[in-house]
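Note that the numbering runs from 1 along the sequence shown for the chain.
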Amino acid sequence: MRVYFVTIALFALALSLASASDPDPVQDFCVALDDPKSAVFVNGKFCKDPKLAKAEDFSFKGLDIPGNTNNRVGSNVTTVNVDQIPGLNTLGISIVRIDYAPNGENPPHTHPRGTEILVVLEGTLYVGFVTSNPENRFFSKVLNKGDVFVFPIGLIHFQFNVGKTNAVAFAALSSQNPGVITIADAVFGSNPPINPDVLAKAFQLDQKVVENLQKVFKKNGN
């Protein structure tokens, strides 16, 4: 009887671990395809016939080109995910280049489907993330060229250029399409707008302040 219970416990543990992450692909690759004809649907994309795959399905050019940081936050994210490299479909990985002007930031945001590991190529960045409720612990560090930092999946995080020159970082994410929710844009720039009374109560702000913030973010295309 004891062996039976141990077996059941181990089986339950195995099931819990198996459901804790995306399943591994059961094929070498699944090149994403926009045309559904004669294709198989996997991970939100149609798969090209493997016999028709080519090197271009697994490559991307352009991460050597600096992004335009002439915007309200002073940063630019060049994303390379399954939409840019179809061969990433089902492989659970993507990459981004982030450019920062002096005092520029990649504002507080979260990736709902991926952990991020970031390496600084040039400049000095102040980075950090906040854990979930109720602790809301804040972890932060100043990074220089060659330094690496990890942002756990789903947690709010940011990067801020504290140097006097431009900064560049590359980051890999554990999803072919990790998604991004920029907190200020989502809260104050939603479409349609969230009722100002709700935000005034949540942030303990005057309603007019909330309405002004909503105008600012709407004006900036959010």
Side-chain angles (χ1 to χ4, degrees), residues 19-22 32 34 41 43-45 67-84 92 94-118 125-142 149-162 167 169 171-222:
S19 62
S21 62
D22 292 336
D34 292 330
F41 193 73
N43 271 28
K45 296 285 186 179
N68 182 9
T69 59
N70 186 23
N71 52 57
R72 61 182 170 85
V73 295
S75 72
N76 184 282
V77 180
T78 303
T79 301
V80 183
N81 60 25
V82 68
D83 292 326
Q84 287 73 40
S94 57
I95 192 171
V96 298
R97 170 183 173 138
I98 315 171
D99 292 275
Y100 314 81
N103 295 315
E105 71 170 346
N106 189 10
H109 63 281
T110 178
H111 301 292
R113 295 181 293 276
T115 290
E116 175 180 348
I117 182 168
L118 177 141
L125 297 177
Y126 170 56
V127 307
F129 68 85
V130 180
T131 65
S132 55
N133 297 351
E135 290 84 3
N136 297 131
R137 292 184 64 193
F138 178 49
F139 294 82
S140 65
K141 195 169 183 65
V142 174
F149 199 82
V150 173
F151 304 105
I153 184 172
L155 299 186
I156 295 174
H157 60 282
F158 67 88
Q159 304 102 37
F160 184 81
N161 183 3
V162 293
L173 298 107
S174 63
S175 170
Q176 67 181 43
N177 184 19
V180 60
I181 302 171
T182 304
I183 307 306
D185 291 350
V187 172
F188 296 109
S190 65
N191 183 23
I194 299 173
N195 187 315
D197 292 336
V198 174
L199 299 182
K201 182 73 171 179
F203 289 94
Q204 296 293 288
L205 295 172
D206 185 273
Q207 183 172 325
K208 291 183 178 179
V209 174
V210 171
E211 291 173 348
N212 286 335
L213 285 170
Q214 290 179 318
K215 290 178 182 178
V216 168
F217 283 89
K218 182 178 181 180
K219 187 180 297 182
N220 280 281
N222 297 299

Validation row: Asn212, Val216 side chains within 4.5 angstrom (heavy atoms): no
Whether Thr78 side chain and Gly67 backbone form a donor-acceptor pair below 3.5 Å: no
Candidate list Gln214, Gln207, Lys208, test side chain to side chain donor-acceptor pair (under 3.5 Å), partner Glu211, passing option: Gln207
Closest approach of Thr131 to Asn136 (non-hydrogen atoms, all atoms of both residues): O-ND2, 3.3 Å
Short side-chain to backbone donor-acceptor contact, Thr69 and Asn76, under 3.5 Å: no
Closest non-hydrogen atom pair between Ile153 and Arg113, with its separation: CD1-C, 3.5 Å
Nearest atoms (heavy-atom pairs only) where Val77 meets Ile98: CG2-CG2, 4.1 Å
Donor-acceptor pair, side chain of Asn161 and main chain of Glu105, under 3.5 angstrom: no
Rounded distance (nearest 0.5 Å) linking atom OG of Ser75 with atom CG of Asn70: 12.0 Å
Set of residues satisfying salt bridge (Lys or Arg N to Asp or Glu O under 4.0 Å) with respect to Asp206, sequence neighbours excluded: none
Side-chain donor or acceptor of Ser174 paired with backbone N/O of Thr115 under 3.5 Å: yes
Asn81 side chain to Ser94 backbone, donor-acceptor under 3.5 Å: no
Flag, side chain of Thr182 to backbone of Ala184, donor-acceptor distance under 3.5 Å: no
Non-hydrogen atoms of Phe138 and Gly128 that approach each other most closely: CE1-CA, 4.0 Å
Name every donor-acceptor pair, under 3.5 Å, that has one atom in a side chain of residues 195-205 and the other anywhere in the protein, sequence neighbours excluded.
{"from": "Asn195", "atom 1": "OD1", "to": "Asp197", "atom 2": "N", "distance (Å)": "2.8"}
{"from": "Gln204", "atom 1": "NE2", "to": "Lys201", "atom 2": "O", "distance (Å)": "2.7"}

Pro107 versus Val73, closest heavy-atom pair with distance: CG-CG1, 4.1 Å
With Val96, the side chain to side chain contact (heavy atoms under 4.5 Å, CB included) member among Val180, Leu173, Leu118, Asn106: Leu173
Contact summary for Leu125 and Ala169, nearest pair of heavy atoms: CD1-CB, 4.1 Å
Approximate separation, where rounding is to 0.5 Å, of Ser132 OG and Arg137 CZ: 11.5 Å
Tyr100 and Phe160 aromatic centres sub-6.0 Å: no
Derivation and outcome, side-chain contact (heavy atoms from CB on, under 4.5 Å), residues Phe151 and His109: CA-CA 11 Å; Phe151 304 105; His109 63 281; over 6 Å; no
Side chain to side chain donor-acceptor pair (under 3.5 Å) involving Glu116 - partner list, sequence neighbours excluded: His111, His157
Value rounded to 0.5 Å, distance of CG in Leu155 from CZ in Phe129: 6.5 Å
